[in-house]
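Reminder, nothing fancy here: chain letters follow the sequence lines and each chain counts from 1.
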Amino acid sequence: MVANSLAKSLKKEEAEITLVDEDGKHVYQPGFIYISFGNEKPHKIVKDERKLLRRKVNLVVDKAVKIDVDDRKVTTSKDKKLEYDYLVLATGAEIHPEDIPGCEDAYHFYDTESSVKLRKALAEFNGGRIVIGIGGIPYKCPPAPAESACLMDYYFHRRGIRDKVTIELLSPLPRIFPIEPIDPLVSEVFEMKNIKSQTFFNVESVEPEKKLVHSLEGESADYDLLILIPPHKGAKVIRATQLCDRGGWIITDRETLKVLDYDDVYAIGDATNLPVSKSGAAAHYENSVVTGSIIGDIRGTSKGEKYDGRVTCFCDAGFRRGIMLDFDYEHPPVPPPFSRMAYFKKMFFNKFYWWILPKDRLPGFVTGKLE
Amino acid sequence: MSDDVETDVLIDARGSFCPGPLMELIRAIREGEVGETIAILSNDNGSKRDIPLWVGKAGHELIGVFDKEDHDRIVVKKLK
């Protein structure tokens, strides 16, 4: 996204743009959950990075293994040394299910392979207790656990065995939904759908032989099928630097998106330690700040671009209804109506993501400020 | 106790709405050592209520919730 936005605005003589990507694949991660429920195919959510990039962008398919911000150099696994004038770190979040003892008995939908495994387990599930827990904070897409509970309800309704399945969400927070103003609405939906919940349950370990999940707070819950949002960490290449906090999240200025005191290093998306959702939408809004700053710097026309903490998210509640949330640092989300419109917007976005976001074709009004 | 009590870890979660500050605290508790003190700065009213509730339930010690000019400083000690 950043590479394409820069390539769109900067002339060849103004900048050379290089993107380092480990496998040369771009994966649309919101599609994982739909793979689990059999509504999406794995090959539909991945595309070759090269096909999404503008011609002006050099793609290096290799793994960045060392970042030296003092010497302005990135080293790859094939020992290629890339020098830079500006560095944008979009190293994302890694998932580490193995950090929860007993995790081998749990499923999740945070990568393609695991989503396919969960799809198989759900298809074979004919009744009992399904428990959804959260293995660590922060994690990508904060509404995903509640959303998956609602989609689970819809899934078993469609299979005609909803009455044989108990669904329970173990929330690490004092409420079901992470965003407080929206919680009463989601609680009402949970009641209507007969989805059970426990609050302040931060998963600490799993006992597969007893089918029990234990919390940091000292409580336990039994399950027949356990879905565990895996613990997340910043990327290994970042954890090897002094640029991050103890979780491996890059220490990023909440407005300029610059890293620590480096004027030539920016961070974006899931990789940062910013107090905003780890979601593609946050990365999208951050993109315009980072590219605007770099272009302004190169041309000497800097306007002091600032990120306002904006995030937009669409949540699917099942039965073809959903909600859309839009908020920033200064404007908390307002409880929206459950609507078919929000659901269809999400479906539209899922379908047309490839043609819009990676190629920076989103209309300007969508990136405007909240008032 | 003084509201400027020194801590081992300082988390500036100002500008983050609930549950951001609580999430940051839970993260710090998971990553921290037993006996470590953590201060979290927050200007979110929900967190002022939720953090003490979670600290009580999780068995840690709430050293204090201190009102500053435009934010709260909540200090917690990891006990286990």
Legend entry - Structural part of A:T199 lying under 4.5 Å from a heavy atom of chain B: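 Backbone only.
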Legend entry - Non-neighbouring partners of B:K77 that pass side-chain hydrogen bond (donor to acceptor under 3.5 Å, both in side chains), sequence neighbours left out: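 side-chain hydrogen bond (donor to acceptor under 3.5 Å, both in side chains) check on B:K77 returns nothing, list empty.
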Legend entry - Which residues share a side-chain hydrogen bond (donor to acceptor under 3.5 Å, both in side chains) with B:E33, sequence neighbours left out: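 Partners of B:E33 by the side-chain hydrogen bond (donor to acceptor under 3.5 Å, both in side chains) criterion come out as none, since no residue qualifies.
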Legend entry - A:F200 versus B:D50, closest heavy-atom pair with distance: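 Between these two residues, the closest heavy atoms are CZ-O, 3.9 Å.
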Legend entry - Smallest separation among heavy atoms of B:M23 and A:L173, with atom names: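 Closest approach of B:M23 to A:L173, heavy atoms only: CG-CD2, 4.1 Å.
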For [X], look at atom [atom1] and say whether over 12 heavy atoms of other residues, nucleotides or ligands are found less than 6.0 Å away.
{"X": "A:E188", "atom1": "CD", "result": "no"}
{"X": "B:K57", "atom1": "NZ", "result": "yes"}
{"X": "B:E6", "atom1": "CD", "result": "no"}
{"X": "B:K80", "atom1": "NZ", "result": "yes"}
{"X": "B:D70", "atom1": "CG", "result": "yes"}

Inset, instruction - May I ask you to test the A:D245-B:R27 pair for a side-chain heavy-atom distance under 4.5 Å? - result: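 A side-chain contact exists here, since the closest heavy-atom pair is under 4.5 Å.
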Inset, instruction - Flag the pair A:N273 / B:E24 as yes when at least one side-chain heavy-atom distance between them is below 4.5 Å, and no otherwise. - result: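 A side-chain contact is absent here, since even the closest heavy-atom pair is not under 4.5 Å.
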Legend entry - Which portion of B:R30 sits near chain A, non-hydrogen atoms under 4.5 angstrom: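 Only the side chain of B:R30 comes within 4.5 Å of chain A.
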Inset, instruction - Check whether B:I26 gets within reach of chain A through its side chain, its backbone, both or neither, counting any heavy atom under 4.5 Å. - result: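 Side chain only.
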Inset, instruction - May I ask you to name which of A:G309, A:G218, A:G247 has the most heavy-atom pairs under 4.5 Å with chain B? - result: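 Of the candidates given, the most pairs with chain B belong to A:G247.
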Legend entry - Selection from A:P172, A:P142, A:P138, A:S215 maximising heavy-atom pairs under 4.5 Å formed with chain B: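 Counting heavy-atom pairs under 4.5 Å, the top option is A:P138.
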Legend entry - Point-to-point distance, once rounded to the nearest 0.5 Å, from CD1 of B:I29 to CG of A:L216: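 So the gap between those two atoms works out to 8.0 Å.
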